[in-house]
Protein chains: 2
Amino acid sequence: MTERDVPPKPHTVTIYDVARRAGVAPSTVSRTFSRPGRVNAVTAARVRRVAAEVGYRANPVARALSTARTNMIAVVILDIANPFYAEIVRGAQAAAAAAGYTVVLADAQESDWLERSTLERAVTAVDGIVLASSRMSDLAIRMISKQKPVVVLNRGVVDVPCVVTDNARGARLALEHLSGLGHEHVTYIAGPEASWADGMRWSSLRESAAKLSVRLRRLGPFAPDVRGGVQAAEQFVAQPTSAVVAYNDQLAIGLVRSLITRGIGVPRNVSVVGFDNIAAADLVTPGLTTVAAPLYAQGITATRHVLTMIEGGRDRTGQPAVLPVRLVVRGSTAAPHRSLDPPRPGRGVTTSSP
Amino acid sequence: MTERDVPPKPHTVTIYDVARRAGVAPSTVSRTFSRPGRVNAVTAARVRRVAAEVGYRANPVARALSTARTNMIAVVILDIANPFYAEIVRGAQAAAAAAGYTVVLADAQESDWLERSTLERAVTAVDGIVLASSRMSDLAIRMISKQKPVVVLNRGVVDVPCVVTDNARGARLALEHLSGLGHEHVTYIAGPEASWADGMRWSSLRESAAKLSVRLRRLGPFAPDVRGGVQAAEQFVAQPTSAVVAYNDQLAIGLVRSLITRGIGVPRNVSVVGFDNIAAADLVTPGLTTVAAPLYAQGITATRHVLTMIEGGRDRTGQPAVLPVRLVVRGSTAAPHRSLDPPRPGRGVTTSSP
DNA sequence: CTGAAAGCGCTAACAT
DNA sequence: ATGTTAGCGCTTTCAG
């Protein structure tokens, strides 16, 4: 019934078909598409017309073989279900598209092994790679970075170009906000041990805590998702503080939800601030105060960077590019409720942990 | 300082290098990898050893050019930020990987135009395509389906293989559940007009309503996200019913949230059931009762199907494959609270809309 | 079972 | 500005 049952011979139209029908050499057809300007305007026009008529479509594979460029870059993410990556991917896609590149998304599903094997296959087929958070070792990353242009997001790896957010400033902003509100004792809900960002956030928090005279405590590590936040709540309620900073928004959201379920008010009894500013941060109740990361910009920046490297630009393996952050204040933070605040009143004075 | 500054000649190791070093013909090396069995066991072993030694890695592009198979399939999704697709993609990836294929994820960003242009480029570079919900017209889909194997998810398109969920049964289950609880008047919060699934759900709901003697009303269309649910709430509260069925979980979640904010209890005053059973359905409070779609299975099924078509299998363009659904009952549904239930008591008796 | 040779479709020097 | 001629790295007949 449909026409598609008929043609058993899907002979692809090649450059030669067009060349013959247009009365020019194959190379001219090629040039018309890949090197416009190096061909007479009217000839080019004719070629294009014929190409359109016969429905010619350049075979990207053949082109790739001869140019050694696939015009694809791989963006590796840890978990496609994590909303954190959505904006990053969008940015990457936008930057890539603008340069004529296609993004191949690889979901590592939080598995170091899967990430490596996926990359193993991909590395040969793409021109560059953006690692949007990686579970691989620095060594492994450095290794593949020797084969293809690689830039790492949200993590510092020696000898490999990186783009990170200003975790130090973010941590400071969060703590200053809390301190300004009157909180003197805050808990940090840590993310995965292997997370570079977690380390940065914690150490910056410690520094700021010292300066601001707030006592800081750490709980964790926890999985960086809502479930992890629920677990964190269990430990937290044992000896609560009036404020908490969580490794990321999902952890914070899980914590808040669990706290509320237990009858502990947010921000009435506990103020919570997260990191990242994922879309959900604005949807939960109360809205989550969080350190906003320029997700889209991260994707753009990282991708532009690989693109530059691909085009021959020197991989300025210097300091990582650091993107600015800002504090988005929503409903999850408020001045402490004296009655429930200091677990051990009269004792809390200054200093953070050593 | 690093070794990578030295080699200005990244000469790739080819089949020829291996062949020479192993003392066999290039074709033998090729066979060793692509056609094992057609080569003497010990020769093969030697080749493999040498290959490993020199770090040979087959160039997928060259292979693709000569075989006309890229071993990649494209999975097109509407919105990477929509959690609905996460599991589908996982399933697709699993099925693809099992068959030695790589998934290229294309995010259409809810844009018909972007979807088409992306596909335009991808179609030449992949062996098959899975359209996990598409905004394109049936005609456009049918068009590309003539160039490459395509299977459509969650939508019926004539002459194109599809895999859908049992919307009819899902709608029935939802309504039976509500009816069984004692609800006699339910509102359907509709999704996008262009959604095939929305049409199916609505018509099935109508049928079931007639049989169960529940009065059914429709509100919408609304964007299929949390924000849409919030909007729906505004209209809903004007003339509420004791129960509502939403086009999808996100809409339901937005509705519930908004209702609670307005002081309307769920399920105390209004029972809500969604569709899809996305991860968040189990995380919100109260948990969302929903018609669970076998997301992962959808991805698997659709992908296996394209794979079959790619391998030459006849594209059984018959009836769409329909996957089973089940009702997951959580906290968002309960027996109606007589006091607030029928907007106009004494009137509600039977029949649904025509 | 293994060699030799002919491309896959396109681009990239060389020539003209 | 356009035509010619080699390949890119791999698979695949076709012989031996």
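Every heavy atom of this structure was used, including side-chain atoms; hydrogens, water molecules and symmetry mates were not.
- Residues Val104(A) and Leu105(B) form no side-chain contact, since every pair of their non-hydrogen atoms from C-beta on lies 4.5 Å or further apart.
- Whole-Å rounding puts the Asp127(B) CG to dC8(C) P distance at 19 Å.
- The side-chain contact (heavy atoms from CB on, under 4.5 Å) test with Ser145(A) is passed by exactly one of Val150(A), Val151(A), Ile129(A): Val150(A).
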Please tabulate, one pair per line, each protein N/O and nucleotide N/O from nucleotides 6-9 of chain D that are separated by under 3.5 Å, including the distance.
unit_1: dC8(D); atom_1: O2; unit_2: Ser66(A); atom_2: N; d: 3.3
unit_1: dG9(D); atom_1: OP1; unit_2: Thr12(B); atom_2: OG1; d: 3.1
unit_1: dG9(D); atom_1: N2; unit_2: Ala62(B); atom_2: O; d: 3.4

Polar atoms only, N or O, under 3.5 Å: list the protein pairs with nucleotides 14-16 of chain C and their distances.
none

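- Aromatic rings of Phe33(B) and Tyr56(B) (six-membered ring for Trp) have centroids within the 6.0 Å cut-off, being under it.
- Under the side-chain contact (heavy atoms from CB on, under 4.5 Å) rule, Arg155(A) has a single partner from Val160(A), Asp138(A), Leu131(A), which is Asp138(A).
- Of the possible polar contacts, one joining the Asn71(A) side chain to the Gly100(A) backbone as a donor-acceptor pair under 3.5 Å is found.
- Proximity of a side-chain donor or acceptor of Thr70(A) to a complementary backbone N or O of Ala125(A) within less than 3.5 Å is detected.
- Residue-level contact check: Val24(A) touches the backbone only, with heavy atoms under 4.0 Å from sugar-phosphate atoms and none from bases.
- For DNA chain D, the neighbouring residues in residues 32-41 of chain A, judged by any heavy atom under 4.0 Å, are Arg38(A), Val39(A), Asn40(A).
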If you apply the rule side chain to side chain contact (heavy atoms under 4.5 Å, CB included), what do you find for Met72(A) with Met72(B), and how did you get there? CA-CA 13 Å; Met72(A) 300 197 301; Met72(B) 299 196 301; 4.2 Å; yes

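- When each of Val50(A), Thr32(A), Val29(A), Val18(A) is paired with Val24(A), the side-chain contact (heavy atoms from CB on, under 4.5 Å) condition holds for Val29(A) and for no other.
- Counting distance only, with no hydrogens placed and no angle test, the side-chain atoms of Ser27(A) and the base atoms of dT4(D) include a donor-acceptor pair under 3.5 Å.
- Using a 4.0 Å cut-off between charged side-chain N and carboxylate O, Glu53(A) and Arg49(A) make a salt bridge.
- Put simply, Ser30(B) has a side-chain N or O that comes within less than 4.0 Å of OP1 or OP2 on dT11(D).
- For dT2(D), the OP1/OP2 oxygens have a side-chain nitrogen or oxygen of Thr43(A) closer than 4.0 Å.
- Classification of Asp79(B) and Arg90(A) as a salt-bridged pair holds, one side-chain N sitting under 4.0 Å from a carboxylate O.
- In plain terms, the two heavy atoms of Val306(B) and Pro149(B) that are nearest each other are CG1-O, 3.9 Å.
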